[in-house]
Amino acid sequence: QVQLVESGGGLVQAGGSLRLSCAASGRSVSSRNMGWFRQAPGKAREFVATITWDGVSTYYADSVKGRFTISRDNAKNMVYLQMNSLKPEDTAAYYCAAAAGSGSIYYYTRSSNYDHWGQGTQVTVSS
């Protein structure tokens, strides 16, 4: 069983930065690709970033590319999302997720391919 707990959300002004953390537990976590998704009120959950199990490859949504960085520390069972140059449109609940199965990098952009989710952490960016 995999458990994920996010932290690090909060209120920040536009242009500011936040670092989200995801503490993972479970035997298979270090061998899983991981992802971050977000959901704004009234909108569907959307892909933000994903990282391979070994941390070698990452992939980002166009809306965050160049501003956000996903990373992981398998020794600590942690996944991070560094968010810089934040914009009001980044306001959402952010979720950490562990992928099920494997595929191309695009496989990991679909929320249906993740089988474990955290409870989410709220990020609010004021203008």
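Index from 1, following the sequence.
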Quiz item: Which of these passes side chain to side chain contact (heavy atoms under 4.5 Å, CB included) with Leu81: Val64, Val48, Leu18?
Solution: Val48

Quiz prompt | Of Asn84, Leu86, Thr58, the residue whose pairing with Phe68 passes side chain to side chain contact (heavy atoms under 4.5 Å, CB included) | solution =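 It is Leu86; the other options fail the test.
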
Nearest heavy-atom neighbours spanning [X] and [Y]:
X     : Y      : value
Arg72 : Thr52  : NH1-O, 3.0 Å
Ala14 : Ser127 : CB-CA, 4.4 Å
Ser17 : Ser85  : OG-N, 4.3 Å
Ser30 : Asn74  : O-ND2, 3.6 Å
Ile51 : Ser71  : CD1-CA, 3.6 Å

Any chain of hydrophobic side-chain contacts (each under 4.5 Å) joining [X] to [Y]?
X      : Y      : result
Trp117 : Met34  : no
Tyr95  : Val29  : no
Tyr60  : Tyr94  : yes
Leu11  : Val123 : no
Val79  : Phe47  : no

Is [X] reaching over with its side chain to a backbone N or O of [Y], donor-acceptor style, under 3.5 angstrom?
X     : Y      : value
Asn33 : Ala99  : no
Glu6  : Thr121 : no
Arg38 : Glu46  : no

Quiz item: Does any non-hydrogen side-chain atom of Met83 lie less than 4.5 Å from one of Asp90?
Solution: no

Quiz item: Just wondering, more than 12 heavy atoms not from Trp53 lying within 6.0 Å of its CH2?
Solution: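 No - once you tally the heavy atoms of other residues, nucleotides and ligands closer than 6.0 Å, there are 12 at most.
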
Quiz item: If you draw a 6.0 Å radius around CD in Gln122, do more than 12 non-hydrogen atoms from other residues or ligands fall strictly inside?
Solution: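 Atom CD in Gln122 is packed in, count exceeds 12.
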
Quiz item: Where do Tyr80 and Cys22 land on the side chain to side chain contact (heavy atoms under 4.5 Å, CB included) test, with the steps shown first?
Solution: CA-CA 6 Å; Tyr80 306 100; Cys22 174; over 6 Å; no

Quiz item: Is the shortest distance from a Lys or Arg side-chain nitrogen in Asp62 or Lys65 to a carboxylate oxygen in the other one below 4.0 Å?
Solution: yes

To the nearest 0.5 angstrom, please state how far the [atom1] atom of [X] sits from the [atom2] atom of [Y].
X     : Y     : atom1 : atom2 : answer
Lys87 : Arg67 : NZ    : CZ    : 4.5 Å
Asn77 : Gln3  : CG    : CD    : 12.0 Å
Ile70 : Ser57 : CD1   : OG    : 11.5 Å

Exercise. Determine, using ring centers only, whether Tyr59 and Tyr106 are less than 6.0 Å apart.
Key: yes

Quiz prompt | Ring-ring centroid check Phe37 Tyr114, cutoff 6.0 Å | solution = yes

Self-check item: For Val5, the rest of its hydrophobic cluster, which grows through side-chain links under 4.5 angstrom
Solution: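 Result for Val5 is none, singleton.
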
Quiz item: Please walk me through it: do Met78 and Ser21 pass side chain to side chain contact (heavy atoms under 4.5 Å, CB included)?
Solution: CA-CA 7 Å; Met78 296 292 295; Ser21 298; 3.7 Å; yes

